[in-house]
Engineer: 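The structure under discussion is supplied below as structure tokens; questions concerning it will follow.
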Amino acid sequence: MVEFIVYNTLTRRKEIFEPLHPPFVGLYVCGPTVYSDAHLGHARPAITFDLLFRYLRYIGYKVRYVRNITDVGHLENDADAGRDKVATQALLEQIEPMEVVQRYSDNYHHNMDQLNVLKPSIEPRASGHIPEQLDMVAKILDKGFAYISNGSVYFDVEKYNLNNHYGKLSGRIVEDLLASTRDLDGQEEKKNMYDFALWKKALPEHIMRWNSPWSIGFPGWHIECSAMSTKYLGDVFDIHGGGMDLMFPHHECEIAQSKIANGNDSVRYWMHNNMITINGQKMGKSLGNGILLDQLFSGNHPLLEKPYDPMTIRFFILQAHYRSTLDFSNEALQASEKGLARLMKSVAMLPGLPVSDETTINLAEWKANCYNALNDDLNTPILIAHLFDMVRLINLMSEGREKITTADLETLVQQFRQFTLDILGLREDPESGPDSQMLPKLMELILDLRQEAKKNKDFALSDRIRDELGKLGIVVKDRKDGADWETLK
RNA sequence: GGUCACAUGGCCGAGUGGUCAGGCAACGGUCUGCAAAACCGUGUACAGCGGUUCGAGUCCGCUUGUGACCUCCA
């Protein structure tokens, strides 16, 4: 098996990936909280870890990919008087909380399909795993690392930190946390400000509530991931992923909870994708600069000059390394759109290339370059650069200026499609509906007529045909022996 | 305020100390009746100032700027 290197946030360095029980790999990724439509930010981790999922499978691992749906609203903040996001949305829309959850889960799934993000192996919901969460809270209480206060259960960070380092993932020190924690309401229930809730007692207005030994209430914000990852991947598993913004406190809390409940560190490799920025600033709910995926695909947003195809978004995201911030702009997106079109055109024309009795390009080296890029912490920008190198060669081969044998072409077709379609997950334009069959036939007819006009030196007519088609968004491209066409997006 | 990142050519974005990544845009050329596409060629990019080194975008220090986390967030 190839040497695959990943950057482990925990150690802050690149490490050779070695699963605990090869060929099996356990992968857990923090999914969305479904209280609103999916936005551009949701696309980044989904695509990043979709790529990881695809690549791990491609190099031969059997991956169990667990990505949760958070459908227990959790609190707006730790000391909030009791508004949870799902319940708040339910009140606004005058529907059941579970209707909110259903609606936005459906939207998320639809957007993920559009982005060609594969479904995870298991997609557990927090609300469906209340018993597991209760068990875990009870375990932590039994071991003496949590305390009950007014019906709520809090994790005792101070005690944990005596023999462990709370903050090791995000590089924080508990003493520093004390100095920077703000004065919030409801803190008096906790021994220390940095303690976090494992279980919260519900106030009367709280509509999402479950029974527990401590109170009628709901689970704390971090326990679901620990409970569900343990249930489906075991006490120790290979990779935990998520957005960088979840490092603290979410993942830090997960580490602490799991360590106490399971008796060991659960996660071997932590991987975090960076944020998408708009005009250099992180997009976020509170900043009011978010763009929904539906808006991106429809163009219906003040910041958007036009609609963008889901594949353009996917390609745009893959053109940056997942650990870099990626700045959104119409200009950048349109550059991606054009680049993607060029790449996909090569995918389409590749099988039809003329063959020769010799091969003049270095296939083995090219393939090795592609793999080396992926093996180096999923360096998709480098991979894509190599793919474009091949695009150039493919075009040269089509012009007969480089040569390839039948056997090598077969290999190249397979490999190029694997990198482009299977691993990067780019999708060719789906041909669907009867109209898509009609258009090529009409175009064939029109271009034949134009060819005849040209033969008769009736350039006025042939130019008119080309210009009028251009106005309809169809570009005519003359070749030596005829003409090609393509539609402009 | 605390902690931590990052600053690359018109735009986006890679870069493991020593052969100009790549994409988009621009310019010149080839091919075309003309265009488009494709191909070929062109750009003295690495925030500033010091330092280490035979050699630094790449290491170290300082300065400036931007951002992230510390509160829900992908």
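Sequence lines set the chain letters: A, B, ... in the order given, protein chains first and strands last, and positions in each chain run from 1.
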Engineer: With A:R67 as the cation and A:F49 as the aromatic partner, state whether NZ or CZ is under 6.0 Å from the six-membered ring centre and within 45° of the axis.
Structural biologist: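 Pair A:R67/A:F49 does not count as cation-pi.
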Engineer: Can you measure A:L326 atom CG to B:A74 atom C1' for me and round it to whole angstrom units?
Structural biologist: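 After rounding, the gap between these two atoms is 13 Å.
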Engineer: Centroid separation under 6.0 Å, is that true for the rings of A:F419 and A:Y55?
Structural biologist: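 No, too far apart.
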Engineer: Of A:D389 and A:I276, whose closest RNA chain B nucleotide lies nearer the 5' terminus?
Structural biologist: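 Going by which nucleotide is closer to the 5' end, it is A:D389.
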Engineer: Mind running a 4.0 Å heavy-atom check of residues 237-252 of chain A against RNA chain B and sending the residues that fall below it, in number order?
Structural biologist: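 Correct list: A:G243, A:D245, A:L246, A:F248.
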Engineer: Taking RNA chain B as the partner, which of residues 103-121 of chain A come within under 4.0 angstrom of it by heavy atom?
Structural biologist: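 Heavy-atom cutoff 4.0 Å gives no residues at all.
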Engineer: Could you check how far NE2 of A:H386 sits from C1' of B:G23, rounded to whole Å?
Structural biologist: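 Spelled out: NE2 on A:H386 to C1' on B:G23 is 14 Å.
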Engineer: Could you walk me through whether A:D377 and A:Y322 satisfy the side-chain hydrogen bond (donor to acceptor under 3.5 Å, both in side chains) test, starting with their C-alpha distance in whole Å, then the side-chain angles of each, then the deciding distance to 0.1 Å, before giving a yes or no?
Structural biologist: CA-CA 9 Å; A:D377 194 31; A:Y322 74 91; 2.6 Å; yes
Engineer: Hey, is the side chain of A:R466 pairing donor to acceptor with the base of B:A35 inside 3.5 Å?
Structural biologist: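 When only heavy-atom distances are counted, A:R466 does reach the base of B:A35 through a donor-acceptor pair under 3.5 Å.
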Engineer: Give the rounded distance in Å between these two atoms: NE2 of A:H222 and P of B:U71.
Structural biologist: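 Taking NE2 of A:H222 and P of B:U71, I get 10 Å after rounding.
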Engineer: Which value, rounded to the nearest 0.5 Å, describes the distance between A:S152 atom OG and A:F218 atom CZ?
Structural biologist: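 The OG atom of A:S152 sits 7.5 Å away from the CZ atom of A:F218.
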Engineer: Which whole number of Å gives the distance between the P atom of B:C27 and that of B:A21?
Structural biologist: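 Taking atom P in both B:C27 and B:A21, they lie 24 Å apart.
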Engineer: Give me the ring orientation class for A:H251 and A:H272: parallel if the planes are under 30° apart, tilted from 30 to 60°, perpendicular past 60°.
Structural biologist: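 Taking A:H272 first and then A:H251, their aromatic rings sit tilted (interplane angle of 30° to 60°).
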Engineer: How far does the P atom of B:G29 sit from the matching atom of B:G18, given to the nearest Å?
Structural biologist: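 Their P atoms lie roughly 37 Å apart.
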Engineer: Does one side chain, of A:Q114 or A:N111, offer a donor that lies under 3.5 Å from an acceptor on the other?
Structural biologist: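 Result is yes, a qualifying pair exists.
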Engineer: Quick one: pull up NE2 in A:H39 and CG in A:L293 and give me the separation to the nearest 0.5 Å.
Structural biologist: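 Here the rounded value is 8.5 Å.
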Engineer: Measuring only the C1' atom in each nucleotide, how far is B:G10 from B:C46? A whole number of Å is fine.
Structural biologist: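 Their C1' atoms lie roughly 16 Å apart.
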Engineer: If you find the nucleotide of RNA chain B closest to A:E331 and the one closest to A:G339, which residue's nucleotide is nearer the 5' end?
Structural biologist: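 Its nearest nucleotide being more 5', the pick is A:E331.
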Engineer: With heavy-atom distances below 4.5 Å as the criterion, would you say the side chains of A:D478 and A:R450 are in contact?
Structural biologist: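 In contact.
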Engineer: Report the distance from atom CD1 of A:I313 to atom CD1 of A:I47, rounding to the nearest 0.5 Å.
Structural biologist: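 Reported value, rounded in 0.5 Å steps: 8.0 Å.
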Engineer: Name the closest nucleotide to the A:A335 side chain, picking from B:G13, B:G33, B:G23.
Structural biologist: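 The answer is B:G23, which lies nearest to the side chain.
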Engineer: For A:Y154 and A:E189, test the side chains for any donor-to-acceptor distance below 3.5 angstrom and give the result as yes or no.
Structural biologist: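 Their side chains do contain a donor-acceptor pair, which is all the 3.5 Å distance test asks for.
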Engineer: Looking at the base of B:G67, is there any donor atom on it, or on the side chain of A:D327, that sits under 3.5 Å from an acceptor on the other one?
Structural biologist: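 Donor-acceptor pair under 3.5 Å: no.
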Engineer: Which whole number of Å gives the distance between the P atom of B:U58 and that of B:G43?
Structural biologist: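 23 Å, rounded to whole Å.
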Engineer: Could you measure between the two C1' atoms, the one in B:G22 and the one in B:C59, and give it in whole Å?
Structural biologist: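 Pairwise C1' distance, B:G22 against B:C59, rounds to 26 Å.
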Engineer: Does the side chain of A:Q102 pick up a donor-acceptor pair with the side chain of A:D106 at under 3.5 Å?
Structural biologist: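 A:D106 and A:Q102 do have a side-chain donor-acceptor pair below 3.5 Å.
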Engineer: Counting C-beta onward and ignoring hydrogens, is there a side-chain heavy-atom pair between A:K190 and A:V157 closer than 4.5 Å?
Structural biologist: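 Side chain of A:K190 against side chain of A:V157, heavy atoms only: no contact under 4.5 Å found.
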Engineer: So what does A:I173 touch, heavy atoms closer than 4.0 Å: a base, only the sugar-phosphate, or nothing?
Structural biologist: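 No contact.
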Engineer: If you measure from the C1' atom in B:U8 to the same atom in B:A14, how many Å do you get, rounded?
Structural biologist: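 That atom pair is separated by 10 Å.
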Engineer: Quick one: A:F388 CZ to B:C12 C1', roughly how many Å, whole number?
Structural biologist: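 A:F388 atom CZ is separated from B:C12 atom C1' by 12 Å.
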Engineer: Whole Å only: how far is the CG atom of A:L333 from the P atom of B:C11?
Structural biologist: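 Distance check: A:L333 CG to B:C11 P gives 17 Å.
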Engineer: Whole angstrom is fine here: how far is it from CE in A:M275 over to C1' in B:G67?
Structural biologist: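 Answer to the nearest Å: 12 Å.
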Engineer: Check whether NZ of the Lys or CZ of the Arg A:K367 lies under 6.0 Å from the centre of the six-membered ring of A:Y371 and within 45 degrees of that ring's axis.
Structural biologist: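 Pair A:K367/A:Y371 does not count as cation-pi.
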Engineer: What integer number of Å spans the P atoms of B:G15 and B:A26?
Structural biologist: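 Result for the P pair: 28 Å, nearest Å.
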Engineer: Is it true that the side chains of A:T70 and A:N68 contain a donor and an acceptor less than 3.5 Å apart?
Structural biologist: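 Note: A:T70 and A:N68 side chains meet the donor-acceptor criterion.
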Engineer: Give none if B:G10 has no partner; otherwise give the nucleotide forming a Watson-Crick or G-U wobble pair with it, both distances under 3.5 Å.
Structural biologist: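 Pairing partner, where one exists within any strand: B:C24.
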Engineer: A:R172 CZ to B:A5 P: how many Å, rounded?
Structural biologist: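 Rounding to the nearest Å, CZ of A:R172 and P of B:A5 are 12 Å apart.
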Engineer: Got a salt bridge between A:R103 and A:D37, using NZ or NE/NH1/NH2 to carboxylate O under 4.0 Å?
Structural biologist: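 No, A:R103 and A:D37 are not salt-bridged.
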Engineer: Tell me yes or no: between the side chains of A:N273 and A:R44, is some donor less than 3.5 Å from an acceptor?
Structural biologist: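 No - no donor-acceptor pair under 3.5 Å links their side chains.
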Engineer: Can you label the angle between the A:Y108 ring and the A:H42 ring as parallel, tilted or perpendicular, going by 30° and 60°?
Structural biologist: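 The rings of A:Y108 and A:H42 stand perpendicular, inter-plane angle above 60°.
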Engineer: Output the rounded distance in Å from CD (A:E175) to C1' (B:C70).
Structural biologist: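 It is 15 Å, rounded to the nearest whole Å.
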Engineer: Pull out every residue in residues 455-462 of chain A that has a heavy atom closer than 4.0 Å to any atom of RNA chain B, ordered by number, or say none.
Structural biologist: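 A:F459, A:S462, in order of number.
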Engineer: Tabulate protein N/O versus nucleotide N/O from nucleotides 38-40 of chain B, keeping only pairs under 3.5 Å, one per line.
Structural biologist:
| from | atom 1 | to | atom 2 | distance (Å) |
| --- | --- | --- | --- | --- |
| B:A38 | O3' | A:N395 | ND2 | 3.0 |
| B:A38 | O2' | A:E399 | OE2 | 2.5 |
| B:C39 | OP1 | A:R342 | NH2 | 3.4 |
| B:C39 | OP1 | A:N395 | ND2 | 3.0 |
| B:C39 | O2' | A:R401 | NH1 | 2.6 |
| B:C39 | O2' | A:R401 | NH2 | 2.8 |
| B:C40 | OP1 | A:R392 | NE | 2.4 |
| B:C40 | OP1 | A:R392 | NH2 | 3.0 |

Engineer: How far does the C1' atom of B:A7 sit from the matching atom of B:A36, given to the nearest Å?
Structural biologist: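 Between the two C1' atoms, the distance is 39 Å.
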Engineer: Does either side chain, that of A:R172 or that of A:S170, offer a donor lying less than 3.5 Å from an acceptor on the other one?
Structural biologist: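 A donor-acceptor contact under 3.5 Å links the two side chains.
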Engineer: Need the pair for B:G33. Rule: Watson-Crick or G-U wobble, both distances under 3.5 Å, any strand; none if unpaired.
Structural biologist: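 Answer to the pairing question: none, since B:G33 forms no Watson-Crick or G-U pair.
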Engineer: Is it true that A:D71 and A:Y104 share a donor-acceptor pair across their side chains at a distance under 3.5 Å?
Structural biologist: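 The answer is no; no qualifying pair exists.
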Engineer: Using Watson-Crick or G-U wobble geometry with both distances below 3.5 Å, tell me the partner of B:A68, or none.
Structural biologist: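 Pairing partner: B:U3.
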Engineer: Please enumerate all protein N or O atoms sitting under 3.5 Å from an N or O of nucleotides 14-16 of chain B, with distances to 0.1 Å.
Structural biologist:
| from | atom 1 | to | atom 2 | distance (Å) |
| --- | --- | --- | --- | --- |
| B:A14 | OP1 | A:H321 | N | 2.8 |
| B:A14 | OP1 | A:S324 | OG | 2.8 |
| B:A14 | O3' | A:N379 | ND2 | 3.4 |
| B:G15 | OP1 | A:N379 | ND2 | 3.0 |

Engineer: Would you say the side chain of A:R314 lies within less than 4.5 Å of the side chain of A:L426, judging by non-hydrogen atoms?
Structural biologist: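 The answer is yes; the side chains approach within 4.5 Å.
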Engineer: Is the ring pair A:F196/A:H222 parallel, tilted or perpendicular, if the boundaries are 30 and 60 degrees?
Structural biologist: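 Ring orientation of A:F196 relative to A:H222: perpendicular.
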Engineer: Which parts of nucleotides 27-32 of chain B does protein reach within less than 4.0 Å, heavy atoms only, written one letter per nucleotide 5' to 3' as B for base, S for sugar-phosphate only and - for none?
Structural biologist: ------
Engineer: Within the structure shown, what part of the strands sits under 4.0 Å from A:A332 by heavy-atom distance: base, sugar-phosphate, or nothing?
Structural biologist: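 A:A332: backbone/sugar contact only, no base atoms under 4.0 Å.
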